[in-house]
Undergrad: 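Here it is: the structure, laid out below.
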Amino acid sequence: MWPGRSGWSPWRGSPSPRRRGGTVWQARRKRKMLDPKQIRERPQWVEERLASRGGRYDLKEFHALEALKRKAQAETEALQARRNEISREVGRLKANRGDASGLLAEMGELGPRLKEAEGALRLQEEALLEVLTRLPNLPAGDVPVGPDESANVVMHSWPAGFSGVPPEGFLPLNHWDVGERLGVLDFNLAAETVGARFTFFRGAGARLIRALTSFMLDLHTTEHGYEEILPPFLANRESLFGTGQLPKFEEDLFCLRDDPYYLIPTAEVPLTNLVRGRIVEEAELPLKWTAWTACFRREAGAAGKDTRGLIRQHQFDKVELVWITRPEESMAALESLTLHAEEVLKRLELPFRRVALCTGDLGFSAAKTYDLEVWLPGQGRYREISSCSNTLDFQARRMKARLRRAGTKAVEPVHTLNGSGVAVGRALVALLENFQQPDGSLVIPDVLRPYLGGLSRLLPASG
RNA sequence: GGAGAGAUGACCGAGUGGUUGAAGGUGCACGCCUGGAAAGCGUGUGUACUCUAACCGGUACCAAGGGUUCGAAUCCCUUUCUCUCCGCCA
């Protein structure tokens, strides 16, 4: 998928990571989230779209700050223009042995004023950006409006006519009971070694994780046209800002103590940032990347939720899908990407449904999101196993990822999309709950058997 | 971790204080030429903010930040990254 002909590579010449907070802030000064012009020119429309997410987004502050900033900019630039003019004239006079003392005197008076103006402008810019970068993306026009997940809309289910009713007289167990009966999960050991929300996978459990991962990556690379990437599991502030985790959601991330790096919460971060700061030729799009990574999340706001089992862990494996597209094709790309994630579940024979998230349930960076929810018979309900989003140009603006139209000089932000294809830990959960047998064994779905040496069934651990 | 060398536009690569946003080349676009193409010739080709109805302008940006100076890509300091050698190491 690399445009090899042009020698384009995201690993060459990428911007330097920023270490200190101040430097990051500097770098951020030029970054946008929503298009500020749009906010200025269509304030009411923007405000309404934001309001549909729920919560309060007061744009009055933005407009006030923006006006102040532009005033400061005009003043500063007028002084700078005069400074440049004087410097040029001084140079000319000196070359001709003329007298520049009058100009130098003016400069002596202008210098401090300029310095002051520049400082004021800088403060205005920082204040403006502080507000701007914390505004979420605008929901797309076809996103159902609603306050929370209760207003999400089920698009379709698979397989058709699936009822979720288990066979007569069979009570499916929770996956943690199945996992412990099979001897493939050990939560206690993890609690001793690290703490809550970690797991040891053992024996066939560990191998199943690996099999699921390989199966997904193979599917996406050989049939869906993605290039496989194995990225670093750490990212710097700049990258996390680009995808929208920072500055607003710092408390959700694990941070290293002695280095300015964070553990990635999703491969979306390193993958999408492959185009950060780049201008991509139109002909190179779309770019489609897939990656397996571990993902790390503090789950700071989830105390007491899903405390048992694998559903909500601080570390989990995920296969991610990322597209970089031209603006006009991103909505079609979202459909393709979501179908690719659905294909994983179909081949694993896991019942699922697709849900369109409503405005109130959208993530910070997303303009439109489909969740795939897999059926968990042990819980008797559907649970999220994949989330596929189109961020439109939101992330692209933050990370200055642009495309140049063929045959023109014009550049514009690309569109970025991401989706799980799918969450590996939760896929194992679904496997354990859906393929458990009344006799305590676990049947292995056909597509995974080649990855497990032909193994077709796991038997309960003896003793 | 130690020593050294570097970081300039889509790419390569000049440039050590004064109309340099930046020579030259490549690439790209348009035109000429051609039956068509190649070659050749000519012209044009950064990003962002701001101003304007538009044209025309203004400002910033030569890794990042700070300093010296009337004036900095160019001098000084700090940081980051890259490369080479040494050390250490999966």
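To find a chain, count down the sequence lines: A is the first, B the second, and so on, and within it residues start at 1.
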Undergrad: Taking the P atom in each of rA63(B) and rG25(B), what is the distance between them to the nearest angstrom?
TA: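 Going atom to atom, P in each nucleotide, I get 23 Å.
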Undergrad: Counting only Watson-Crick pairs (N1-N3 plus N6-O4 or O6-N4) and G-U wobbles (N1-O2, O6-N3), all under 3.5 Å, who is the partner of rA14(B)?
TA: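 Looking at the geometry, rA14(B) pairs with no nucleotide.
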Undergrad: Consider the side chain of K94(A), meaning its heavy atoms from C-beta on, and name the nucleotide among rU47(B), rC51(B), rG18(B) that approaches it most closely.
TA: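 Nearest to the side-chain atoms of K94(A), counting from C-beta on, is rG18(B).
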Undergrad: Pick the C1' atom in rU19(B) and in rG71(B), then give their distance to the nearest Å.
TA: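 Roughly 12 Å separates the two C1' atoms.
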Undergrad: Please name the nucleotide paired to rU69(B) by Watson-Crick or G-U wobble geometry with both distances under 3.5 Å, or report none.
TA: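 Pairing partner, where one exists within any strand: none, as none qualifies.
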Undergrad: For atom P, what is the distance between rA39(B) and rA53(B), given to the nearest Å?
TA: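 My reading of the P atoms in rA39(B) and rA53(B) gives 47 Å.
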Undergrad: Would R297(A) and E299(A) pass as an ion pair if we require N to O under 4.0 Å?
TA: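 Salt bridge: no.
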Undergrad: Distance check, P atoms only: rC33(B) and rG42(B), in whole angstrom units.
TA: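 Comparing P positions in rC33(B) and rG42(B) gives a spacing of 16 Å.
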Undergrad: Starting the side chain at C-beta, find the nucleotide from rC81(B), rG65(B), rC70(B) nearest to Y261(A).
TA: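 Of the options given, the side chain of Y261(A) lies nearest rC81(B).
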Undergrad: Take atom C1' in rU26(B) and the same atom in rU59(B), then report the distance between them in whole Å.
TA: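 One C1' to the other, the span is 31 Å.
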Undergrad: Tell me if the aromatic rings of H415(A) and F394(A) count as close, with their centers under 6.0 Å from one another.
TA: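 No: the rings miss the under 6.0 Å criterion.
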Undergrad: In whole Å, what is the span from the CD atom of E41(A) to the C1' atom of rC49(B)?
TA: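 Spelled out: CD on E41(A) to C1' on rC49(B) is 14 Å.
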Undergrad: Taking only the P atom of each, what is the distance from rC77(B) to rG4(B) in whole angstrom?
TA: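 Taking atom P in both rC77(B) and rG4(B), they lie 14 Å apart.
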Undergrad: Using the six-membered ring wherever Trp is involved, compare the ring planes of Y451(A) and F215(A) and label them parallel, tilted or perpendicular (cut-offs 30° and 60°).
TA: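 Answer is perpendicular, since the angle exceeds 60°.
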Undergrad: Looking at rC81(B), which nucleotide sits across from it as a Watson-Crick or G-U wobble partner, both distances under 3.5 angstrom, or is there none?
TA: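 Result: rG6(B).
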Undergrad: To the nearest Å, give me how far apart CG (D259(A)) and P (rU79(B)) are.
TA: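 Result: 16 Å.
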Undergrad: Between F364(A) and F249(A), is the ring centroid distance below 6.0 Å?
TA: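 Yes, the ring of F364(A) comes within the 6.0 Å limit of the ring of F249(A), centre to centre.
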Undergrad: On the nucleotide rU50(B), are OP1 or OP2 found under 4.0 Å from the side-chain N or O atoms that R40(A) carries?
TA: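 For rU50(B), OP1/OP2 do have a side-chain N/O of R40(A) under 4.0 Å.
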Undergrad: Step through it carefully: locate the ring centre of W292(A), locate the ring centre of F316(A), and say whether they are under 6.0 Å apart.
TA: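 No: the rings miss the under 6.0 Å criterion.
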Undergrad: Give each protein N/O atom lying under 3.5 Å from an N/O atom of nucleotides 55-59 of chain B, with the pair distance.
TA:
residue : atom : partner : partner atom : Å
rG58(B) : N2   : E77(A)  : OE1          : 2.9
rG58(B) : N2   : E77(A)  : OE2          : 3.3
rU59(B) : OP1  : N84(A)  : ND2          : 3.3
rU59(B) : O3'  : Q80(A)  : OE1          : 3.3
rU59(B) : O2'  : Q80(A)  : OE1          : 2.7

Undergrad: Would you confirm whether D393(A), through its side chain, and A396(A), through its main-chain N or O, come within 3.5 Å as a donor-acceptor pair?
TA: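 Checking the backbone N and O of A396(A) against the side chain of D393(A), no donor-acceptor pair under 3.5 Å is found.
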Undergrad: Just to be sure I understand the rule, does K37(A) reach a base, reach only the sugar-phosphate, or reach nothing, if contact means heavy atoms closer than 4.0 Å?
TA: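 Sugar-phosphate contact only - K37(A) comes under 4.0 Å of backbone atoms but never of a base.
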Undergrad: Anything under 30° is parallel, anything over 60° is perpendicular, the rest tilted; go ahead and classify H224(A) against Y226(A).
TA: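 It falls in the perpendicular class, over 60°.
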Undergrad: Taking only Lys NZ, Arg NE, NH1 and NH2, and the carboxylate oxygens of Asp or Glu, determine whether E412(A) and R405(A) approach each other closer than 4.0 Å.
TA: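 Salt bridge between E412(A) and R405(A), a charged N being under 4.0 Å from a carboxylate O: yes.
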Undergrad: Any ion pair linking E118(A) and K115(A) (charged N to carboxylate O, less than 4.0 Å)?
TA: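 Between E118(A) and K115(A) there is no salt bridge, as every charged N stays at least 4.0 Å from the carboxylate O atoms.
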Undergrad: Please give the nucleotide sitting opposite rU59(B) as a Watson-Crick or G-U wobble pair, both distances under 3.5 Å, or none.
TA: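 Pairing partner: rA48(B).
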Undergrad: Taking atom C1' of rA60(B) as reference, at what distance in whole Å does atom CD of E118(A) sit?
TA: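 In whole Å, rA60(B) C1' lies 10 Å from E118(A) CD.
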Undergrad: Separation of E281(A) atom CD from rG27(B) atom P, in whole Å?
TA: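 Result: 15 Å.
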Undergrad: How far does the P atom of rU8(B) sit from the matching atom of rA23(B), given to the nearest Å?
TA: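 Rounded to whole Å, the distance is 16 Å.
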Undergrad: Distance check needed: rA60(B) P versus L79(A) CG, whole Å only.
TA: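 In whole Å, rA60(B) P and L79(A) CG are 12 Å from each other.
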Undergrad: What integer number of Å spans the P atoms of rA37(B) and rC30(B)?
TA: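 Rounded to whole Å, the distance is 12 Å.
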Undergrad: With a 3.5 angstrom cut-off on both distances, give the Watson-Crick or G-U wobble partner of rA54(B), or none if there isn't one.
TA: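 Its partner is none (no Watson-Crick or G-U wobble pair with both distances under 3.5 Å).
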Undergrad: Tell me whether the OP1 or OP2 atom of rU47(B) has a side-chain N or O from R404(A) closer than 4.0 Å.
TA: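 Result: yes.
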Undergrad: From the set rC70(B), rG65(B), rC49(B), return the single nucleotide nearest to any side-chain atom of K69(A).
TA: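 My answer, after comparing the listed nucleotides, is rC49(B).
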Undergrad: Figure out the CD/P separation between E282(A) and rA29(B), and round it to whole Å.
TA: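 After rounding, the reported distance stands at 13 Å.
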Undergrad: On RNA chain B, nearest-nucleotide positions of I86(A) versus R92(A): which is more 5'?
TA: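 Its nearest nucleotide lies further toward 5', so the answer is R92(A).
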Undergrad: So which nucleotide from rU47(B), rG65(B), rC70(B) ends up closest to the side chain of V411(A)?
TA: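 Nearest nucleotide to the side chain: rU47(B).
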Undergrad: Among residues two or more places apart or on two chains, list those pairs meeting side chain to side chain donor-acceptor pair (under 3.5 Å) that have a residue in residues 187-213 of chain A.
TA: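 Output for this query lists T199(A)-Q313(A).
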Undergrad: Centre of F241(A)'s six-membered ring, under 6.0 Å away, within 45 degrees of the axis: is that where NZ or CZ of R398(A) sits?
TA: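 Satisfied, under 6.0 Å and within 45°.
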Undergrad: Need the pair for rG36(B). Rule: Watson-Crick or G-U wobble, both distances under 3.5 Å, any strand; none if unpaired.
TA: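 rG36(B) is paired with nothing.
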Undergrad: Between residues 101-110 of chain A and RNA chain B, which residues have a heavy-atom gap below 4.0 Å?
TA: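 L104(A), M107(A) - these, ordered by number, are the residues of the stretch whose heavy atoms sit under 4.0 Å from the strand.
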Undergrad: Figure out the CG/C1' separation between L114(A) and rG71(B), and round it to whole Å.
TA: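 Whole-Å distance recorded here is 12 Å.
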Undergrad: Show your reasoning for whether side-chain hydrogen bond (donor to acceptor under 3.5 Å, both in side chains) applies to T272(A) and T243(A).
TA: CA-CA 7 Å; T272(A) 309; T243(A) 36; over 6 Å; no
Undergrad: Once you round it to whole Å, what is the distance between C1' of rA60(B) and NZ of K400(A)?
TA: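 So the two atoms are 11 Å apart, to the nearest Å.
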Undergrad: Does any nucleotide pair with rG42(B) by Watson-Crick or G-U wobble geometry, both distances under 3.5 Å, and what is it?
TA: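 Pair assignment: rG42(B) / rC30(B).
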